[in-house]
Amino acid sequence: MEFMKERNSSQPSVESNNVEEWSSRKSAELYGINYWGSQYFRINETGHVEVTPEGPKGAPLDLFHLVEDLRERGIRVPILLRFPDIVRSRVELLNRCFSKAIEDYKYGAKYCGVYPIKVNQQRHLVEEIVEFGHNHLVGLEAGSKPELMVCLAMMDTPGALIICNGFKDEDYIEMALISQKLGRNTIIVVDRYSELKTIIEAGKRLDIKPKIGFRTKLNTPSAGRWAETAGAKSKFGLSPSEIVRGIDYLRSENALSCLELLHFHVGSQVPSIQSIKAAIKEGARVYTELCAMGATMKYIDVGGGLGVDYDGSGRSDSSTNYSEQEYANDIVATLQSICDEKKLPHPNIVTESGRALVAHSSLLVFDVLGTNEVQIRTPQPPNMEKDSRLVQDLWEIFKSVNKENINEYYNDLIEKRRDTLQLFTYGVLSLEQRAKAEDLYWAIATKMHDLSRKHKDAEHIYDALEQELSDTYFCNFSVFQSLPDSWALGQVFPVMPIHKLTERPDRRVTLVDLTCDSDGHLSRFIDAETGGEQKYLEVHSLQPGQNYYLGVFIAGAYQEILGDMHNLFGDTDAVHITMTEHGTYNVEHVVEGDSVRDVLAYVEYQKSELLERVRKATELSISGGNISRSEARLLLELYEKGLNGYTYLRENL
Ligand SMILES: *Cc1c(COP(=O)(O)O)cnc(C)c1O
């Protein structure tokens, strides 16, 4: 079955110190791309990452060539690449899985997916979902008044749902009610009990029969990183007693037939199918009780939570232990059996999957600006006459260390390192000698690190050197702007070079961003070998005059809208790439990122005022004789150009 996960429990092992040729296949194993790539991403023969936006059978697109092509067109790195064809493929996948489940189980009602726009409200994306979802009646979900306003304007599929969640005032409710007159199937979900009365009263005032949903709190414990958003203490939802009261109230208002939908939400990125099943069971029971109390229900809305496999492990919080098909099967089968038991008609099934629809569709590409390297593989041999005793001793260790004597030499190394600093402080060792000693220290550490890998008696050495030996790559992006969940929640995204993948990666690095914040880094990566995490990324050495591009994948859900302007780094350039019938691509919708002027305006600095102040300062300096007229002009030109420019760095080429 297409897209079903095929996991290989015995993943091939990656050995860093073997001498075989490197290959694209080895890179694929190292970065785990075939596990998390969901058949949209793989490595081609030339060692570049390849995207197949239409799914595994669609035309491939070489990511490295694409980035170079975009740069020739003046689009700047960091670039956010969006692939509408992936959105289409995900919309179709989810609908196909539910259709199949409904057919296989002979379920007696329909599937109606809705897209919660909070996951990514970008206009083009919402347009695409409405367009690609037209035949499947895909609807939209709003979590606030501004989002409802987007949904009302963008949704034009006859009969598709608009689900209204979140905090609601009268305006929100009235707008939702009147939208029925435009032919919209708008259901207002009661998230807090007090909303019910407001809805009924607004309906009377406008003479429009409301379509109402109840959101229930579930008691079933959820799982994963977002588990607290569900459960009895969750922000939204009615308790059992509020539901019972709500039914009585609706009956007393002669409005029980307004209640059409039961909603619940188990939290986002649920890693285990068991938690999803347990939640559906509880929700389905609430549903049958509502029917028993006389409500004529049409829909059950199981919310979001369908997870995305960010690391390919199948067992972490960043992964899922189920496929989309299993998700659909379990929902359909559970609802069916609970309804059949109570001899009730099957409800139409609504899901509010957001992450699962859009996460794969964007990826961020940035370049590496420079490095701070500590690993040394080929140190300079010492000069036997001139170099100090300490340097000679370190050289001895470097030459002699092997798997057998590593423990002994490791202790020596620690001692020599201490000596180096002491001798320098006492004035015995020159700075030049200290430099030689330190270079040798790093060379020995690098060698010991290799030797201790998978060495049972030297695990402590491996662990100790692991972090110390990773280099730093300075990267042209901001974690806070482009990957906020990595910073805020410690979420792991797949990161890897998009080219050079036929070459053996020879460096281990952590990535730091452009911000001055010590939190502005990526230092948790997928360890495809064990299915866990590691603190470094294996990459290639930087070559002078050559760009080195890294990609962060599966970045389409939540990141864009949560991103902030820490250190005034703004939105990146973004492009939409669509595939043509001929297997080539079109660059559609280039969305220019923020200029410096744009981000400054957010914090109330106006271009003209800034320029004027700098100009005045130059006038003063000119009259004081501290700056020449041409220097002043140069400064003003640079300043103005800077205001109009990108907030990220121009590459060094
Ligand atoms: C956030 C949210 C969703 C989306 O959840 P995903 O896990 O991204 O699919 C759906 N429904 C509600 C009510 C939400 O708050």
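Both ligands and their constituent atoms are indexed starting at 1 by order of listing. Any value given below was found using the heavy atoms of this structure, including those in side chains, with hydrogens, waters and symmetry copies removed. FYI, the numbering just counts along the sequence from 1.
- Using a cut-off of 4.0 Å between Lys/Arg side-chain N and Asp/Glu carboxylate O, Arg215 and Glu195 are scored as not salt-bridged.
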Under 3.5 Å, sequence neighbours excluded: what are the donor-acceptor pairs made by side chains of residues 285-306?
residue, atom, partner, partner atom, Å
Arg285, NH1, Thr288, OG1, 2.7
Arg285, NH1, Glu289, OE2, 3.3
Arg285, NH2, Glu289, OE2, 3.0
Thr288, OG1, Arg285, O, 2.8
Lys298, NZ, Glu260, OE2, 3.4
Tyr299, OH, Asn185, ND2, 3.3
Asp301, OD1, His263, ND1, 3.4
Asp301, OD1, Gly303, N, 2.9
Asp301, OD2, His263, ND1, 3.2

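- A salt bridge does not link Arg245 with Asp248: none of the charged nitrogens is closer than 4.0 Å to a carboxylate oxygen.
- Under the salt bridge (Lys or Arg N to Asp or Glu O under 4.0 Å) criterion, Asp573 pairs with Arg76, not counting sequence neighbours.
- At a heavy-atom cutoff of 4.0 Å, ligand 1 is surrounded by Pro116, Lys118, Val119, Glu141, Asn165, Arg215, His263, His265, Ser268, Gln269, Gly304, Gly305, Glu352, Ser353, Gly354, Arg355, Tyr558.
- Every ring-ring contact (aromatic ring centres under 6.0 Å, His included) that Phe480 has, sequence neighbours left out, goes to Trp487, His566.
- Proximity of a side-chain donor or acceptor of Arg184 to a complementary backbone N or O of Met155 within less than 3.5 Å is detected.
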